[in-house]
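Since the structure comes first, as structure tokens, the remarks are kept for the end.
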Amino acid sequence: MSTDKNKELFGFGARLIEERLKLGFTQKALAAVLEKTSMTQIKYESEETKPDLLYLAGLHKLGADIYYIVTGIRSANAIAKDEIEVLDGYRALDIRGKAGVLGMITGLSAPQAISGVSNLGKVGQQIVGDITGSQAVNLIGKKTKK
């Protein structure tokens, strides 16, 4: 392997540690799950030896970003196991359930531009934001008799 190719792989041990910790494994536990010895795991993370394809495939099944470990660039396709469960559950919902989930996410996210009604004086009112659905919006209000 040429020196240039070795430079491309430099740092994979640190990225391997990062992904292992992201998955919540100790060195010993990950080695056991992937049928390696603790010493082999230590050698991979210290870059003394390089992991084989079966090891990388096993890491991938656990939810590690293999592309990132090898190249140092995050994969756009990397998705954790819990994210897959959320996505599968979301896809199984009907339109009303999906709207509820999106509403919950919006409510839990940091505040951004607020949708609502702005008063344009005597000309009228304008509804601002993405408002979809079959809900009616009452802009007139109730008049009370005196």
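Atoms considered below: every heavy atom in the structure, side chains included; atoms not considered: hydrogens, waters and symmetry mates.
- Taking OG1 of Thr40 as the start and CD of Glu48 as the end, the distance is 10.0 Å to the nearest 0.5 Å.
- Two residues are said to be in side-chain contact when any heavy atoms from C-beta on lie closer than 4.5 Å; Lys36 and Asp52 meet this criterion.
- With rounding to the nearest 0.5 angstrom, the CG atom of Leu30 is 6.5 Å from the CG atom of Leu62.
- Ion pairing between a basic and an acidic side chain is recognised when a charged N comes within 4.0 Å of a carboxylate O; Glu18 and Arg74 show such pairing.
- The shortest heavy-atom contact between Leu56 and Ile66 is O-CD1, 3.3 Å.
- Closest non-hydrogen pair, Ala64 versus Ile69, comes out as CB-CD1, 4.3 Å.
- Annotation: the span from Gln27 atom CD to Gln41 atom CD amounts to 6.0 Å, rounded to 0.5 Å.
- In this structure, Lys98 places its NZ atom where more than 12 heavy-atom neighbours from other residues, nucleotides or ligands lie under 6.0 Å away.
- Remark: the backbone N or O of Gly13 is paired with a side-chain donor or acceptor of Glu47 at under 3.5 angstrom.
- A centroid separation of 6.0 Å or more is found between the aromatic rings of Phe12 and Tyr44.
- When the shell of 6.0 Å around OH of Tyr68 is examined, it contains more than 12 heavy atoms from other residues, nucleotides or ligands.
- Side chain of Glu45 to backbone of Ile17: no donor-acceptor contact under 3.5 angstrom is found.
- Contact check for Leu59 versus Asp65: no side-chain heavy atoms found under the 4.5 Å cut-off.
- Taken from CD1 in Ile105 to CG in Leu102, the straight-line distance is 5.5 Å, to the nearest 0.5 Å.
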